[in-house]
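Heavy-atom basis, side chains included; hydrogens, waters and symmetry copies ignored. Bear in mind the structure is a predicted one, so any value in this text is a computation, not a measurement.
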Amino acid sequence: MEEPGSAPDPDRDRQFCELCGKMENLLKCGRCRNSFYCSKEHQKQHWKKHKLTCREAEEKQRAQKAPPGSREEPQGSTQGSTQGSTQGSTQGSTQGSTQGSKDAGKVKDVISSAEGSEVSEGKLSDDGINNNNSSSTLRPSSGARSSPQKLALEYIAPCMNKHGICVVDNFLGEETGLSILADVKALHQSGKFTDGQLVSQKSDSSKDIRGDKIAWIEGQEPGCEKIRFLMSRMDDLIRHCNDKLGNYRINGRTKAMVACYPGNGTGYVRHVDNPNSDGRCVTCIYYLNKNWDAKEHGGLLRIFPEGKSQFADIEPKFDRLLFFWSDRRNPHEVQPAYSTRYAITVWYFDADERARAKEKYLTGSGEKGVKVELNKPSEPR
């Protein structure tokens, strides 16, 4: 058991629950002392996959005459709660409020995160509703109107490759944005939203981690035509960026996760969308909140880019589109929201990583929980 008063761990920002990606209140595996989990339940669920590396680490420790830890019981570490809250609040007061809202589109802006319920893969399709409003205003850059191809090639791809985060304001225009919002509100009022769940976790404890209500939309559902149009415009941008986003080869995506924070002070704790190489490489979020004031309404998406001292605060403003890498490079949290907050999130798959993840499951090298991971995003918007 690690002592609560132990010295701060310099590697804290690289520590995640190996199953769900959560970064707060972590427990260290007492056997290998290299892996972390948010609960004993998650350690046990991940054991079939973790045991090989765990045993290798244990053997190395024995070779170095280090005392072996306990077998399956994780040893508690309070570093998640004591360090995470201290670091987050300290940086937040000194950097976030002044940097985040100023520099949208640079490493200073961000969103929310989603862990999922049922999500099937979708192909990058050309379907959607024809709309003359296909150009976008790129306010964080020059503010000039751009075609989707120009926006993708001259702004989004370079920005992602440099910062790992990219913000586009006035993406579809007010009229189209309001029509998407109308679809979302109707969907919400229909009672089809359910509590956001964590991967492989069905207990009420997930409510302590995320407080959003969600619905998964394929785009063909009645009353979701404008959501479908948004998805097709997202696909257009990714298609134009393809082969220019790092080394990724994007060939598909999830359904859209439509999310609502009801405005009662709930948020989503610090986490990673894809901590386990399930194939998701780019997180894409569209915000629908008119006249949002973060000082009054909260609900910031705060991203903690790996290896950087500053974080990025992104307000969930109406008609704002956000991209960021889905893996461990971008831990993030949704701060408590005090007004109804809507967002739509889609995750895009890298072909090679997705194929490897499926192969691991099909060959039986993963545990039962991996199947859930492959078909559900591991993180809210």
Side-chain angles (χ1 to χ4, degrees), residues 1-9 11-62 66-86 88 113-117 195-211 267-278 328 331 333 357 360-361 364-380:
M1 197 80 169
E2 294 198 0
E3 294 298 327
S6 59
D9 189 338
D11 293 327
R12 190 255 172 195
D13 286 343
R14 296 176 179 270
Q15 296 169 2
F16 310 82
C17 174
E18 295 289 340
L19 187 65
C20 71
K22 183 186 173 185
M23 300 181 70
E24 305 297 333
N25 302 316
L26 298 178
L27 304 171
K28 182 184 288 187
C29 174
R31 185 171 187 169
C32 69
R33 307 187 67 78
N34 291 329
S35 295
F36 295 82
Y37 296 92
C38 64
S39 66
K40 292 182 179 180
E41 285 184 7
H42 275 203
Q43 186 196 30
K44 290 177 180 179
Q45 292 174 27
H46 195 250
W47 173 245
K48 189 173 180 180
K49 183 176 181 181
H50 173 57
K51 62 183 178 182
L52 298 177
T53 56
C54 186
R55 287 169 179 165
E56 289 177 2
E58 186 182 31
E59 289 300 320
K60 290 181 180 179
Q61 289 175 2
R62 285 177 179 171
S70 57
R71 182 183 176 103
E72 289 226 333
E73 291 295 323
Q75 296 191 358
S77 168
T78 58
Q79 54 194 341
S81 57
T82 59
Q83 296 173 21
S85 58
T86 302
S113 141
E115 247 151 52
S117 181
D195 289 340
Q197 294 292 320
L198 301 179
V199 173
S200 304
Q201 187 166 335
K202 299 180 180 180
S203 67
D204 289 339
S205 61
S206 62
K207 293 180 181 179
D208 297 329
I209 298 174
R210 60 183 298 181
Y268 198 138
V269 302
R270 187 170 171 177
H271 64 280
V272 174
D273 282 0
N274 176 18
N276 295 311
S277 301
D278 64 17
R328 298 186 179 208
E333 66 187 18
K360 285 182 181 179
Y361 169 70
S365 63
E367 80 226 75
K368 187 175 181 181
V370 172
K371 183 176 182 180
V372 179
E373 245 177 330
L374 292 179
N375 292 322
K376 304 176 183 182
S378 68
E379 310 247 0

Which heavy atom in [X] sits nearest to a heavy atom in [Y], and how many Å separate them?
X: Pro331; Y: Arg270; result: CB-NE, 4.1 Å
X: Glu333; Y: Val269; result: CB-C, 3.9 Å
X: Ser277; Y: Ala357; result: O-CB, 3.6 Å

- When rounded to the nearest 0.5 angstrom, what distance separates OG in Ser35 from CH2 in Trp47?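 Ser35 OG to Trp47 CH2: 10.0 Å, rounded to 0.5 Å.
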